[in-house]
Amino acid sequence: MDAVPRRVPVRQQSRWHRDARRADGDGPDDDSAFWAPIEQVHWDGTPVRQDAAGERDRGSGPAGRHSPARTPRPPDPLPGLTALVLLSLVVAFFAWVSAGPFWLAVGHARAGTVVVDGCAGAGLNQRCRGIFTADDGRFVAHGVRVSGVPDGRDLPGTSLPARMTGPDAGTAYADTGVTRHLRWLPGLLVVLGCAAGIARWTGSTRLPGRRHRRLAVAAALAGPALITLGFLAAAW
């Protein structure tokens with residue numbers, strides 16, 4: 001420790017150094033022989049206090065003036081909550097209308113015959129009611145809605161092959177071919193889009209930290225998934 005120097009020569013002299021030296025009584029009167037404490041000098045011999053004073057001088061002007069740091073305001077939760085509620089309602093609607101056709105498309109259905117009682121409207125606005133009788137004779141459903149009635153087959157008393165998910169279902173589907181898949185696939189795609197919108201507009205994808213962001217996105221996607229699973233279980 002005694003070999004480490006405690007004072008080093010100052011590279012540039014200033015009035016402050018001379019006054020400090022005379023006040024402390026350290027060193028000779030000659031400026032060239034002035035030695036400052038090692039804590040006050042850089043490695044190249046430049047005084048530390050001169051540099052600090054220079055930085056203060058440069059920062060005191062208009063160009064170097066720094067505005068005080070402001071605390072960032074927290075995001076407004078109202079837009080996120082509004083998007084969450086509205087998109088959840090959209091998810092519930094499309095999951096409800098797609099649950100029955102989905103089970104029919106994957107083969108979970110009871111085949112039978114439906115007798116049309118009457119229809120109202122035309123095209124996409126057509127609404128038909130009828131009586132469904134299962135082929136195995138296990139149940140008869142009265143006043144069920146008949147979906148997918150072909151053109152010209154909507155007269156009262158017309159018999160059509162149809163399927164239902166069970167005796168508690170309220171709709172008998174007379175669709176065949178690709179049409180039965182078009183009744184559930186677009187609805188579930190809308191559910192996926194709403195789940196992505198919930199994750200985006202609630203700020204789950206913008207959270208700092210990869211772990212927190214993943215947990216928030218998983219929670220945002222779990223809500224629509226649980227709603228869809230609930231309607232699928234109810235339509236079973």
Side-chain angles (χ1 to χ4, degrees), residues 69-110 114 119-130 132 139 141-149 162-175 177-236:
R70 297 181 179 179
T71 304
R73 296 180 59 185
D76 188 6
L78 184 59
L81 291 176
T82 303
L84 175 63
V85 173
L86 294 179
L87 292 179
S88 298
L89 293 177
V90 175
V91 167
F93 173 76
F94 282 97
W96 170 59
V97 299
S98 302
F102 173 79
W103 289 125
L104 296 178
V106 298
H108 176 70
R110 297 287 183 88
V114 62
C119 296
L124 296 176
N125 296 325
Q126 186 182 47
R127 299 292 183 269
C128 298
R129 293 285 178 177
F132 179 86
F139 67 92
H142 296 269
V144 296
R145 182 188 173 199
V146 184
S147 176
V149 177
R163 295 180 302 166
M164 291 182 64
T165 56
D168 296 331
T171 304
Y173 296 90
D175 305 292
V178 184
T179 307
R180 59 184 179 180
H181 295 286
L182 295 179
R183 292 190 177 276
W184 67 270
L185 184 58
L188 293 186
L189 291 178
V190 173
V191 170
L192 293 178
C194 291
I198 290 175
R200 172 65 179 84
W201 285 313
T202 55
S204 302
T205 58
R206 299 189 300 271
L207 288 179
R210 180 178 299 179
R211 182 173 178 272
H212 294 165
R213 187 165 53 251
R214 288 180 176 177
L215 291 176
V217 171
L221 299 180
L226 291 177
I227 293 175
T228 304
L229 291 177
F231 279 104
L232 289 176
W236 175 268

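- Panel note: side chain Trp103, backbone Leu232; a donor-acceptor pair is recorded below 3.5 Å.
- Closest non-hydrogen pair, Phe231 versus Ala92, comes out as CE1-O, 3.6 Å.
- Taken from OG1 in Thr171 to CE in Met164, the straight-line distance is 7.0 Å, to the nearest 0.5 Å.
- Nearest heavy-atom pair, Ala235 versus Ala99, reported as atom, atom and distance to 0.1 Å: CB-CB, 3.7 Å.
- Rounded to the nearest 0.5 angstrom, Arg110 CZ and Arg163 CZ are separated by 13.5 Å.
- Considering all non-hydrogen atoms of both residues, Gly143 and Arg129 come closest at O-NH1, 3.0 Å.
- When all heavy atoms of Gln126 and Cys119 are compared, the closest pair comes out as NE2-CB, 4.2 Å.
- For the atom pair CG (Leu226) and CG (Leu221), the distance works out to 11.0 Å, reported to the nearest 0.5 Å.
- For the pair Phe132/Phe139, a side-chain contact is recorded, criterion being any heavy-atom separation below 4.5 Å from C-beta on.
- In terms of heavy-atom proximity, Gly130 sits nearest to Val146 at N-CG2, 3.8 Å.
- How far CD1 of Ile198 is from OG1 of Thr205: 12.5 Å, rounded to the nearest 0.5 Å.
- The line from CH2 of Trp96 to OG1 of Thr228 is 14.5 Å long, rounded to the nearest 0.5 Å.
- We find the OG1-CG distance between Thr202 and Leu207 to be 8.5 Å, quoted to the nearest 0.5 Å.
- Side-chain N or O atoms of Arg214 include none that pairs as donor or acceptor with a backbone N or O of Gly209 at under 3.5 Å.
- With Val191 as the fixed residue, the side-chain contact (heavy atoms from CB on, under 4.5 Å) test singles out one of Val91, Leu87, Val90: Val91.
- Residue Arg127 places its CZ atom among more than 12 non-hydrogen atoms of other residues, nucleotides or ligands, all under 6.0 Å distant.
- Between Trp236 and His108, the angle of the ring planes stays under 30°, which puts this pair in the parallel group of the 30/60° scheme.
- A pairwise comparison of heavy atoms in Arg183 and Pro101 identifies CB-CB, 3.7 Å as the closest pair.
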